[in-house]
Every structure is written in C-alpha cells, then in structure tokens.
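Step one of this worksheet: look at the structure below.
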2 protein chains.
Amino acid sequence: MTIYTAASLKAELNEKGWRLTPQREIILEIFQNLPKGTHLSAEDLYNTLEEDGHPISLSTIYRTLKLMARMGILRELELAEGHKHYEINQPAPYHHHHLICVKCNKTIEFKNDGILKTGTKTAQKEGYHLLDCQLIIHAVCPTCQRSLIPL
Amino acid sequence: MTIYTAASLKAELNEKGWRLTPQREIILEIFQNLPKGTHLSAEDLYNTLEEDGHPISLSTIYRTLKLMARMGILRELELAEGHKHYEINQPAPYHHHHLICVKCNKTIEFKNDGILKTGTKTAQKEGYHLLDCQLIIHAVCPTCQRSLIPL
DNA sequence: CAACTTATTGAGAATAATCAGCAATAGGTG
DNA sequence: CACCTATTGCTGATTATTCTCAATAAGTTG
Ligand SMILES: [Mn+2]
Ligand SMILES: [Mn+2]
Ligand SMILES: [Zn+2]
Ligand SMILES: [Zn+2]
C-alpha cells in the first residue's frame with residue numbers, strides 16, 4: 001500500500017531476483033492513471049492495452065495481475081461478476097471499500113478510516129504482513145428490491 | 001443474517017413463490033451443524049452429503065448455494081483458492097471476518113463489532129438491503145514470510 | 001560492451017469451476 | 001386428489017484462469 005514509480009517497482013522486483021519489463025511498467029502505469037472508481041478485469045486490461053497501442057498477451061496479463069496483487073501494488077476485487085477485478089492499492093486518504101448489489105452488480109465505493117486501522121492492527125497482532133484490507137458489503141440495491149426478477 | 005429453521009426457511013421461500021425441498025432443508029441443516037470455522041466449497045458439500053447418505057447432485061448444490069447466499073442465509077467467501085466457500089451467516093455475537101495468507105491460504109477468523117455496524121449503516125444510507133458484510137485481509141503469514149518459494 | 005544466466009514472454013493447449021437446457025419429478029394450493 | 005409450475009439430476013456447454021514450452025531479453029559479470 002505504497003505509491004509506486006517505475007524505479008521503486010524495479011528496485012522491489014530486483015531485490016527478489018525478478019525483473020522490470022516494459023510490460024510490467026506499462027501495466028503499472030495504466031492502473032495509476034485510471035479514473036477513480038474504475039475496476040479492470042484481465043480482459044478489460046487486455047483491451048485497454050490493445051487500444052493504447054501496447055498490446056500484451058493475456059498470459060502475461062494474468063501473470064502480472066497476480067504478481068502485483070501479491071506484492072500489494074494492486075487490489076484483487078471479487079465484485080460478484082464471476083471474474084476478478086483489479087485497481088491500484090493506495091494508502092489512507094484514497095483507501096476505500098465496496099458496497100455491491102448482488103443482483104445487478106452495481107458497486108458503490110465508500111471510505112472509512114477505522115477499517116484500515118482494524119485491518120492493520122489485526123494483521124500485526126498475528127504477525128502477518130499486510131497486503132490489502134477490504135470491506136465487502138453484499139446487498140440489494142433500491143432498484144433491484146423493487147424488480148420482480150427472481151433470484 | 002437471522003437464525004433460520006426449516007419452518008422459517010419454508011415461510012420465506014413460499015412468500016416468493018418458491019418451494020422448500022428436502023435438498024434445501026438438508027443443506028441448511030448441514031451448514032447449521034458445521035463446527036465453527038468450517039468453510040465448505042460446492043465440492044466439499046457434495047462429498048459431505050454423499051458420506052452422510054443424502055446425495056444431492058452438483059447442479060442442485062450450486063443452485064442452492066447461490067440461492068441461499070442471495071437470501072442472506074449463507075455467506076459467500078472468496079478465500080483465495082480459486083473457488084468459492086460458504087458458511088452460515090450469523091448475526092452479532094457470531095459474526096466474524098477473515099485474515100488470509102495469499103501464499104498458503106491459511107485463514108484466521110477474527111471478530112470486530114464495529115465493522116458490522118459500519119456495514120449496516122453504509123447499506124442503510126444508500127437504501128440497500130444488507131445481506132452480508134465481510135472484512136477480508138489479504139496478507140502473508142509468518143511462515144510464508146520466511147519461505148523462499150517465489151510469488 | 002560482450003558473454004552468460006535465467007526470468008519472462010506469447011501462443012496455444014489444458015483445467016476446473018460454474019452454468020444452461022431439458023425431460024422427469026414433486027411441492028404447494030384448492 | 002388434481003393442477004400448475006418450481007425444482008431436480010443428467011449431460012453438455014461456457015469461461016476464467018493456468019500450464020507448457022520454445023524464443024526472447026533483463027540484469028550481471030568480467
Ligand atoms: Mn474501488
Ligand atoms: Mn468463517
Ligand atoms: Zn441492483
Ligand atoms: Zn502462509
């Protein structure tokens with residue numbers, strides 16, 4: 001949950017014997033410049049990169065997303081659509097959580113400082129190294145409460 | 001997030017034109033009698049039912065898990081293993097959250113009253129009908145911090 | 001900067017979880 | 001009991017994600 005630059009990403013990768021590649025650099029950049037509230041799936045990222053003129057194979061995309069999530073650079077979100085979404089993982093003033101309608105998947109972001117504190121404290125108490133901490137609220141939105149569509 | 005009995009399950013199903021079947025009743029019972037801290041996948045439930053002498057088809061299991069999660073009877077958990085897990089959804093004194101090691105998937109449950117309150121308040125403020133509210137902490141456990149296994 | 005080691009990439013095949021279609025069955029209601 | 005239709009259990013799709021492997025290219029060393 002730090003702010004990354006190409007340089008700090010390279011430093012952290014090299015420290016573990018890994019490498020900074022153009023692909024990894026571009027993917028980080030894409031996420032850093034995404035409008036607030038955007039959540040990308042692997043497929044979304046694939047298309048974005050293609051349109052951007054920097055095509056990257058799906059294999060590499062999946063590998064990079066997993067890598068960056070495990071480094072704490074990206075957050076892996078399960079937004080109830082059957083596939084994962086990702087967003088940049090930022091600290092305190094930008095850190096947020098998600099309220100999701102399980103029927104239409106409409107998602108609202110909200111902030112709450114106490115939760116990150118709780119997460120940090122809990123991880124620390126158990127000796128875990130914190131990567132991400134997210135409150136997920138599953139609910140039914142006002143529109144879907146009225147709708148007659150079953151399930 | 002209520003305590004269900006076969007009768008109250010039937011009432012809630014019938015109210016929506018749905019039916020209480022032996023399969024649904026048994027699945028509810030299984031979850032209610034699970035030892036604290038147990039999380040079942042669809043496959044786990046399938047096997048449990050088979051061993052129990054009450055075999056139910058995988059299709060029905062998937063359908064029932066989804067149904068009960070959307071009713072708020074079960075919680076759908078994404079415990080970083082590539083497939084969903086489920087547990088009974090209970091109110092205040094039993095309500096808990098999960099601290100997950102992204103490397104070995106070891107999961108620790110912990111309680112925190114404030115989070116459920118935050119979730120309830122947030123859902124209410126947006127007019128959403130709350131089903132479940134879970135804090136997920138992704139982290140690396142002490143053992144895996146020491147391990148040399150990459151990723 | 002040239003040689004060297006090995007992490008990484010891209011293409012395609014393989015896997016695994018979950019869903020869909022459909023005929024047969026069985027709840028709920030009167 | 002008779003009727004309507006939700007539900008079940010097969011089976012056969014989907015679809016997201018991972019694996020395999022040869023080719024490429026970071027990072028390091030002399
Ligand atoms: Mn978000
Ligand atoms: Mn649990
Ligand atoms: Zn909705
Ligand atoms: Zn671990």
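So you know, we letter chains A, B, ... as the sequences are listed, proteins then strands, and number each from 1. Please read all numbers here as calculations on a predicted model, not as lab measurements.
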**Message:** For B/Arg75, give me all partners under salt bridge (charged side-chain N to carboxylate O under 4.0 Å, His left out), at least two apart in sequence or on another chain.
**Reply:** B/Glu87, B/Asp132

**Message:** Between C1' on D/dA6 and NZ on B/Lys66, what's the gap in Å once rounded to a whole number?
**Reply:** 17 Å

**Prompt:** Given atom CD of B/Glu12 and atom P of C/dG27, what is their separation to the nearest angstrom?
**Reply:** 20 Å

**Prompt:** Looking at A/Lys16, does any N or O in its side chain come under 4.0 Å of the phosphate oxygens OP1/OP2 on C/dA7?
**Reply:** no

**Prompt:** When you look at NZ of A/Lys103, are more than 12 heavy atoms from neighbouring residues, nucleotides or ligands closer to it than 6.0 Å?
**Reply:** yes

**Asked** Do the rings of A/His96 and A/His39 sit parallel, tilted or perpendicular, given the 30° and 60° boundaries?
**Response** tilted

**Prompt:** Among the nucleotides C/dT18, D/dC10, C/dG27, which one has an atom lying closest to any side-chain atom of B/Lys84?
**Reply:** C/dT18

**Request:** Taking only the side-chain nitrogens and oxygens of A/Lys10, find out if one of them lies under 4.0 Å from OP1 or OP2 of D/dG27.
**Result:** yes

**Request:** Starting from P on D/dA6, measure out to CD on B/Glu15 and report it in whole angstrom.
**Result:** 16 Å

**Prompt:** Hey, does the side chain of A/Ser57 come within less than 4.0 Å of C/dT9's phosphate (OP1/OP2), counting only N and O?
**Reply:** no

**Item:** Side chain proximity check, B/Tyr46 to B/Ile56, heavy atoms < 4.5 angstrom
**Value:** no

**Fill in**
To the nearest angstrom, the CZ-P distance between B/Arg63 and D/dC10 comes to 11 Å

**Request:** Would you mind reading off the distance between B/Leu40 atom CG and C/dA17 atom P, rounded to a whole angstrom?
**Result:** 15 Å

**Asked** What is the nucleic acid contact for A/Leu58, judged by heavy atoms within less than 4.0 Å: base, sugar-phosphate only, or nothing?
**Response** nothing

**Request:** May I ask you to verify if any side-chain N or O of A/Asn14 is less than 4.0 angstrom from the OP1 or OP2 atom of D/dA26?
**Result:** no

**Message:** Using side-chain heavy atoms (C-beta onward) and a distance below 4.5 Å, is B/Leu65 in contact with B/Leu45?
**Reply:** yes

**Prompt:** Rounding to a whole Å, what distance do you find between A/Glu25:CD and C/dA7:C1'?
**Reply:** 17 Å

**Item:** 5'-most by nearest nucleotide on DNA chain D - A/Thr21 or B/Gln23
**Value:** B/Gln23

**Asked** Can you check the B/Leu65 CG to C/dA17 C1' distance for me, whole Å?
**Response** 13 Å

**Prompt:** Separation of B/Leu79 atom CG from C/dA17 atom C1', in whole Å?
**Reply:** 15 Å

**Asked** Between D/dG9, D/dT7, C/dT18, which one does the side chain of B/Tyr62 approach most closely?
**Response** C/dT18

**Message:** Would the base of C/dT8 count as contacting A/Arg24 through its side chain, where contact means a donor and an acceptor less than 3.5 Å apart?
**Reply:** no

**Prompt:** Could one point to a donor on the side chain of B/Ser59 or the base of C/dC19 with an acceptor on the other under 3.5 Å away?
**Reply:** no

**Item:** Any N/O donor-acceptor pair, B/Arg19 side-chain to D/dT5 base, under 3.5 Å
**Value:** yes

